[in-house]
Amino acid sequence: MTSNATSLIELPTDLDCTHLPKHIAAIMDGNGRWAKRRGFPRMMGHKHGANALRELLRCCKDWGIGALTVYAFSTENWGRSIEEVDFLMTLFENLFQIELAEMVAEQVKLDVVGNLDNVPPSLRSAIDRAVTATQDNQGVRFTVAINYGGRQEIVRACQTIATQVQQGLIKSTDIDENTISKHLHTADLPDPDLLIRTSGEMRISNFLLWQLAYAEIYVTDTLWPDFDRRAFHLALLDYQQRHRRFGKA
Ligand code: IPE
Ligand code: IPE
Ligand code: MG
């Protein structure tokens, strides 16, 4: 049996397999509040959040969703306490190491987007190893945004394009939307069809500003560590009721 056939069997029967988002973006928010409600330190929320992410990635594979992009650390998150930032960097490093075998086995193709110049070198090495080991995989495209900011990404693209104009490689009048898209970290992915944000916040917090132009936005009060298969199922049901018009009547 092919993996595609397996995913059709496992897809909940009330979901239409011909109308699933091809690319889902997620702002994994609410780890701190999840921990606080239980009287735990914030770090415990991040640890449980990692479990929710593992489950979501597996669910994307099972249900035939081709690409998942998650916001793990924003350029603004450096403003948190040193303890929390250090904890998160170490957690990411451990996860890239521990989950690598599973990602290889599940054919996940990993990418990490964001400015990795100022993340700890040991995290950078773990990322390099995991990205290299999974680059030929044909399964879910899994993109993790670390030290990512949508505005910074657009600024960087503009700088590269301006240099090309200066060097006479392209004409300024040739710059179009496709030129910008091609210079973003996500150049080889379709734009997300669906953005999920947990914890009830109605904002996009500098995530994929260009790419989310026409994404359907789903906000749930569920806190990220509680975002399980059932919560994902509800998000997909909601998505399938949307009428995407793209500006047309
Ligand atoms: C999201 O959860 C995880 C990161 C930003 C790294 P938060 O840590 O923002 O959790 P809340 O919003 O404080 O509850
Ligand atoms: C967005 O969550 C960033 C990540 C989930 C990594 P934040 O908790 O940092 O966003 P704000 O501060 O609520 O906008
Ligand atoms: Mg938050």
Side-chain angles (χ1 to χ4, degrees), residues 23-57 60 67-96 98-99 110-120 122-124 126-127 130 142-155 184-186 189 192 194-212 215-228 231-232 235:
H23 180 185
I24 295 179
I27 301 177
M28 310 185 288
D29 197 18
N31 293 350
R33 277 163 282 176
W34 183 93
K36 193 168 174 212
R37 281 183 196 171
R38 287 163 176 77
F40 297 151
R42 294 177 59 81
M43 320 302 164
M44 197 64 100
H46 297 315
K47 271 179 88 163
H48 283 264
N51 297 337
L53 176 57
R54 187 183 301 110
E55 182 64 10
L56 177 62
L57 180 58
C60 285
L68 173 68
T69 298
V70 297
Y71 207 5
F73 193 89
S74 74
T75 43
E76 289 69 35
N77 289 147
W78 295 108
R80 299 188 177 198
S81 72
I82 295 175
E83 293 74 29
E84 185 168 352
V85 169
D86 282 352
F87 180 88
L88 284 166
M89 295 296 151
T90 307
L91 178 68
F92 299 152
E93 184 179 330
N94 290 340
L95 288 172
F96 285 121
I98 294 165
E99 300 299 325
L110 173 73
D111 276 304
V112 176
V113 297
N115 180 0
L116 298 182
D117 290 344
N118 43 0
V119 306
S122 55
L123 170 57
R124 246 185 354 250
I127 290 171
F142 177 44
T143 305
V144 182
I146 294 180
N147 193 21
Y148 173 88
R151 287 186 170 183
Q152 290 81 345
E153 183 183 34
I154 293 169
V155 168
L184 300 179
H185 296 297
T186 51
L189 281 171
L194 171 64
L195 169 72
I196 296 172
R197 182 163 187 156
T198 53
S199 87
E201 307 295 353
M202 303 275 189
R203 54 178 173 261
I204 55 176
S205 303
N206 205 11
F207 191 39
L208 302 177
L209 296 182
W210 177 276
Q211 299 89 332
L212 291 172
E216 294 297 324
I217 299 177
Y218 176 81
V219 176
T220 170
D221 286 337
T222 302
L223 302 175
W224 179 256
D226 290 329
F227 192 81
D228 55 12
F232 186 41

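Only this structure's heavy atoms are used, side chains among them; waters, hydrogens and symmetry mates stay out. Just follow the structure's listing: the first ligand is 1, and inside any ligand the first atom is 1.
N206 and Q152 are linked by a side-chain donor-acceptor pair at a separation below 3.5 angstrom, with hydrogens and angles left out of the test. When only modelled atom types and interatomic distance are considered, S205 and R197 share a side-chain donor-acceptor pair under 3.5 Å. With 3.5 Å as the limit, one finds a donor-acceptor pair spanning the side chains of W78 and N147.
Qualifying ring-ring contact (aromatic ring centres under 6.0 Å, His included) partners for F96, counting only residues two or more places apart in sequence or in other chains: none. A search for ring-ring contact (aromatic ring centres under 6.0 Å, His included) contacts involving F142 returns nothing, not counting sequence neighbours. For H48, the ring-ring contact (aromatic ring centres under 6.0 Å, His included) criterion is met by W34, not counting sequence neighbours.
Only backbone heavy atoms of A72 (N, CA, C or O) come within less than 4.0 Å of ligand 2; its side chain stays farther off. Contacts with ligand 1 closer than 4.0 Å are made by no heavy atom of L223, backbone or side chain. Neither the backbone nor the side chain of R37 comes within contact range of ligand 1; no heavy atom lies under 4.0 Å. Residue F73 touches ligand 2 through its backbone alone, judged by heavy-atom distances below 4.0 Å.
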message: Walk me through whether F227 and T220 qualify under side-chain contact (heavy atoms from CB on, under 4.5 Å).
response: CA-CA 9 Å; F227 192 81; T220 170; 4.1 Å; yes
field: Test log, rule side-chain contact (heavy atoms from CB on, under 4.5 Å), inputs R42 and R80
entry: CA-CA 11 Å; R42 294 177 59 81; R80 299 188 177 198; 3.1 Å; yes
Check against side-chain contact (heavy atoms from CB on, under 4.5 Å), W224 and I27: CA-CA 9 Å; W224 179 256; I27 301 177; over 6 Å; no
task: Apply side-chain contact (heavy atoms from CB on, under 4.5 Å) to E83 and D86, showing your working.
output: CA-CA 5 Å; E83 293 74 29; D86 282 352; 5.9 Å; no
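Those atoms of ligand 2 with a heavy atom of R197 less than 4.0 angstrom away are 2 (O), 10 (O), 11 (P), 13 (O), 14 (O). Heavy-atom contacts of I27 reach the following atoms of ligand 2: 1 (C), 5 (C) (cutoff under 4.0 Å). Those atoms of ligand 1 with a heavy atom of H46 less than 4.0 angstrom away are 3 (C), 8 (O). Counting atoms of ligand 2 from 1 in the listed order, those under 4.0 Å from a heavy atom of R203 are 11 (P), 13 (O), 14 (O).
Salt bridge status for R124 with E93: absent, with no side-chain N to carboxylate O gap under 4.0 Å.
Considering backbone and side-chain N/O of N31, one or more are found under 3.5 Å from N/O of ligand 1. Residue contacts with ligand 2: S74 is placed with no nitrogen or oxygen under 3.5 Å of a nitrogen or oxygen of the ligand (distance criterion only). Note: no N/O pair closer than 3.5 Å links W34 and ligand 1 by distance alone.
Test H185, H23, E153 against Q211 for side-chain hydrogen bond (donor to acceptor under 3.5 Å, both in side chains) and you get one pass: E153.
Atom 8 (O) of ligand 2 has D29 OD1, 3.1 Å as its closest protein atom, hydrogens excluded (heavy atom only). Remark: minimum distance from atom 9 (O) of ligand 2 to any protein heavy atom is reached at N77 ND2, 2.9 Å. For atom 12 (O) of ligand 1, the closest non-hydrogen atom on the protein side is R33 NH2, 2.7 Å.
Here OH of Y71 is found 7.0 Å from OH of Y148. Values are rounded to the nearest 0.5 Å.
Ligand 1 is approached by R80 to a heavy-atom distance shorter than 4.0 Å. For R42, the heavy-atom gap to ligand 1 drops under 4.0 angstrom. Residue contacts with ligand 1 include G30, since one of its heavy atoms falls under 4.0 Å from the ligand. Using a 4.0 Å heavy-atom cutoff, M28 is listed among the residues neighbouring ligand 2.
The number of heavy atoms from other shown groups lying within 6.0 Å of CZ (R151) does not exceed 12.
Of the possible donor and acceptor atoms, none in the side chain of T186 sits under 3.5 Å from a partner among the backbone N and O of L189.
Around the Mg ion (ligand 3), protein N, O or S atoms at less than 2.8 Å comprise D29 OD1.
Comparing S205, A26, G32, A145 against atom 11 (P) of ligand 2, the shortest heavy-atom distance belongs to S205.
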